[in-house]
Amino acid sequence: MQAKPRSKTSRPAAPSVAKAPAQLHPRNRHRGRYDFPSLIAACPALAPFVAVNPYGDESIDFANPAAVKMLNRALLAAFYGVQNWDVPAGYLCPPIPGRADYIHNLADLLIDSHRGQMPKTVRVLDIGCGANCVYPLIAASEYGWECVGSEIDAVALANAQQIAAANPQLNIQLRQQKIPGAMFLGVMQDDEFFDLTLCNPPFHASLAEASAGSQRKWKNLGKAPRTSKAASAAEEKPLLNFGGQGGELWCEGGEEAFIQRMISESRQIAQRCLWFTSLVSKASSLPLLYRTLEKAGARDVRTIEMSQGQKQSRFIAWTFIPPASHERFVSA
């Protein structure tokens with residue numbers, strides 16, 4: 001594989017923060033209301049979950065995990081041509097519109113680094129693609145990117161591999177992360193380069209914190225928290241409408257510790273990726289991450305704000321490649 005050019009050093013830029021848009025990205029296919037007749041045509045199994053709500057609109061019960069999963073299957077089939085998508089019970093079933101927004105904003109990041117045009121060939125690494133494999137599916141479908149997804153959970157990896165195998169038209173490769181706690185080491189091959197990395201980190205610091213977050217979501221949905229079946233009432237746990245295993249939802253130290261480890265490890269491969277990125281759920285985490293990136297020697301740090309209705313989200317992006325060398329990197 002041809003080596004990407006190494007770059008000369010330059011002074012780091014102060015972190016920049018893009019203003020949150022009022023709605024989803026302009027290229028996001030999910031900006032309007034869900035067209036349920038079209039979605040049912042693409043995925044007939046969605047039909048039993050669709051009903052008219054108190055406002056007179058067709059919708060699903062977003063508090064029903066089975067309905068949410070079927071909606072995702074329909075969206076992926078209708079808009080991205082994805083076939084046979086599924087996730088095992090209890091694994092993360094993420095909302096598609098927000099995931100697509102991350103991909104489109106990453107595309108803008110690359111376009112900005114390539115004088116206003118999308119590079120012809122783009123290689124992307126998804127750290128922890130999960131059983132759902134949603135980011136590689138959308139990225140490969142929308143932009144034709146070459147996607148590599150890593151995953152440490154054997155069950156999640158096997159499911160993601162089944163999805164990729166069922167969709168050979170998409171350039172997706174899955175790899176198992178065999179080194180606990182590692183991000184890039186053990187996944188990136190020798191002399192391998194990527195234009196982007198992306199990640200949806202576990203953002204809670206404990207199971208109790210994750211459970212409290214689940215209860216807040218149920219309250220926002222106007223429902224009493226549902227619980228999983230357990231041996232005794234004392235062992236019952238809140239059931240997430242979007243699912244999620246422990247490793248998908250929480251880790252020691254939460255998202256701050258997770259992304260700090262990612263930043264530290266990214267220094268070791270600083271010249272082998274143009275933009276490292278990660279979602280950041282809590283704006284309060286940003287100051288610590290900025291300080292960590294400054295100590296790591298990042299040359300450019302950006303925070304991209306995203307919005308879907310009342311939900312605000314963001315991702316942080318950093319690079320060790322000076323701006324003058326960005327175009328040469330993505331063109332090599």
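- The side-chain contact (heavy atoms from CB on, under 4.5 Å) search around Gln268 returns Leu185, Glu265, not counting sequence neighbours.
- Remark: the backbone N or O of Cys133 is not paired with any side-chain donor or acceptor of Asp126 at under 3.5 angstrom.
- A chain of hydrophobic side-chain contacts below 4.5 Å, direct or via other Ile, Leu, Val, Met, Phe, Trp or Tyr residues, connects Val50 to Tyr34.
- Residues His104 and Tyr143 have side chains in contact (heavy-atom distance under 4.5 Å, counting atoms from C-beta outward).
- Taking all atoms of both residues into account, the shortest heavy-atom contact from Trp145 to Ile103 is CH2-O, 3.9 Å.
- Interatomic distance, Cys199 SG to Ile259 CD1, rounded to the nearest 0.5 Å: 7.5 Å.
- At a threshold of 4.5 Å between non-hydrogen side-chain atoms, the residues Asn200 and Tyr102 do not count as touching.
- The distance from atom SG of Cys129 to atom CZ of Arg175, rounded to the nearest 0.5 Å, is 11.5 Å.
- When every heavy atom of Pro37 is checked against every heavy atom of Glu58, the shortest pair comes out as CD-OE1, 3.6 Å.
- Every residue meeting the salt bridge (Lys or Arg N to Asp or Glu O under 4.0 Å) condition with Arg27, not counting sequence neighbours, appears here in chain and number order: Asp108.
- Ile152 and Ile127 fall into different hydrophobic clusters, where Ile, Leu, Val, Met, Phe, Trp and Tyr side chains are chained together by heavy-atom contacts under 4.5 Å.
- Side-chain contact between Ile96 and Tyr80: present, with at least one pair of heavy atoms (C-beta onward) separated by less than 4.5 Å.
- The two residues Glu151 and Gly130 have their closest heavy-atom pair at OE1-N, 2.8 Å.
- Contact annotation: the side chain of Leu109 approaches that of Thr277 to within less than 4.5 Å [non-hydrogen atoms, C-beta and beyond].
- Under the 3.5 Å distance criterion, the side-chain polar atoms of Asn28 are matched with a main-chain donor or acceptor of Pro97.
- Between the side chain of Asp57 and the backbone N or O of Asn53, no donor-acceptor pair lies under 3.5 Å.
- When atom types are taken as modelled, the side chain of Asp153 and the backbone of Ala156 share a donor-acceptor pair closer than 3.5 angstrom.
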Q: With side chain to side chain contact (heavy atoms under 4.5 Å, CB included) as the test, would you mind laying out the steps for Phe315 and Leu198 before giving the verdict?
A: CA-CA 9 Å; Phe315 70 87; Leu198 63 95; over 6 Å; no
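- Scanning all heavy atoms of the two residues, the minimum distance from Pro88 to Val155 falls at CG-CG1, 4.2 Å.
- Proximity of a side-chain donor or acceptor of Ser266 to a complementary backbone N or O of Ile263 within less than 3.5 Å is detected.
- Around the CD atom of Gln169, the shell of radius 6.0 Å holds more than 12 heavy atoms that belong to other residues, nucleotides or ligands.
- In the displayed structure, Arg31 atom CZ is contacted under 6.0 Å by more than 12 heavy atoms of other residues, nucleotides or ligands.
- By the side chain to side chain donor-acceptor pair (under 3.5 Å) test, Gln177 pairs with no residue at all, sequence neighbours left out.
- Side-chain contact check for Met183 versus Thr197: every heavy-atom pair is 4.5 Å or farther apart.
- The heavy-atom pair separating Trp275 from Ala317 by the smallest distance is CE3-CB, 3.8 Å.
- Note that CD of Glu256 and CG of Leu286 are 9.0 Å apart. Values are rounded to the nearest 0.5 Å.
- To the nearest 0.5 Å, atom CZ of residue Arg99 and atom CG of residue Leu137 are 12.5 Å apart.
- Not counting sequence neighbours, Trp85 has no partner by the ring pair (Phe, Tyr, Trp, His ring centres under 6.0 Å) test.
- Each salt bridge (Lys or Arg N to Asp or Glu O under 4.0 Å) pair with one or both residues in residues 127-146, not counting sequence neighbours, appears once here: Arg29-Glu142, Arg123-Glu146.
- No side-chain heavy atom of Leu279 sits less than 4.5 Å from a side-chain heavy atom of Ser313.
- When side chains are defined from C-beta on, Ser113 counts as touching Leu274, because their heavy atoms get closer than 4.5 Å.
- Side chain of Thr292 to backbone of Leu288: a donor-acceptor contact under 3.5 angstrom is found.
- Phe193 places none of its side-chain heavy atoms less than 4.5 Å from the side chain of Met188.
- Side-chain contact, Thr303 with Tyr290: a donor N or O sits under 3.5 Å from an acceptor N or O.
- Pro287 and Ser284 make their closest contact through CD-O, 3.5 Å (heavy atoms, listed as atom of the first residue, atom of the second, distance).
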Q: Test Tyr91 against Asn132 for side chain to side chain contact (heavy atoms under 4.5 Å, CB included), laying out the working first.
A: CA-CA 8 Å; Tyr91 279 78; Asn132 60 78; over 6 Å; no
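- Taking CZ of Phe49 as the start and CZ of Phe36 as the end, the distance is 12.0 Å to the nearest 0.5 Å.
- Phe258 is not connected to Ile179 by any chain of hydrophobic side-chain contacts under 4.5 Å among Ile, Leu, Val, Met, Phe, Trp and Tyr, and they are in different clusters.
- Between Asp300 atom CG and Leu293 atom CG the span is 10.5 Å, to the nearest 0.5 Å.
- Of the possible polar contacts, none joining the Arg299 side chain to the Pro323 backbone as a donor-acceptor pair under 3.5 Å is found.
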Q: Apply side chain to side chain contact (heavy atoms under 4.5 Å, CB included) to Arg272 and Phe184, showing your working.
A: CA-CA 11 Å; Arg272 295 171 59 191; Phe184 311 108; over 6 Å; no
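- A salt bridge is absent between Glu255 and Lys282; no separation between the charged side-chain nitrogens and carboxylate oxygens falls under 4.0 Å.
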Q) Where do Arg302 and Asp112 land on the side chain to side chain contact (heavy atoms under 4.5 Å, CB included) test, with the steps shown first? A) CA-CA 12 Å; Arg302 304 185 190 185; Asp112 185 58; 2.8 Å; yes
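- For the salt bridge (Lys or Arg N to Asp or Glu O under 4.0 Å) condition, the pairs that include at least one residue of residues 81-95, sequence neighbours left out, are Lys69-Asp86, Arg73-Asp86.
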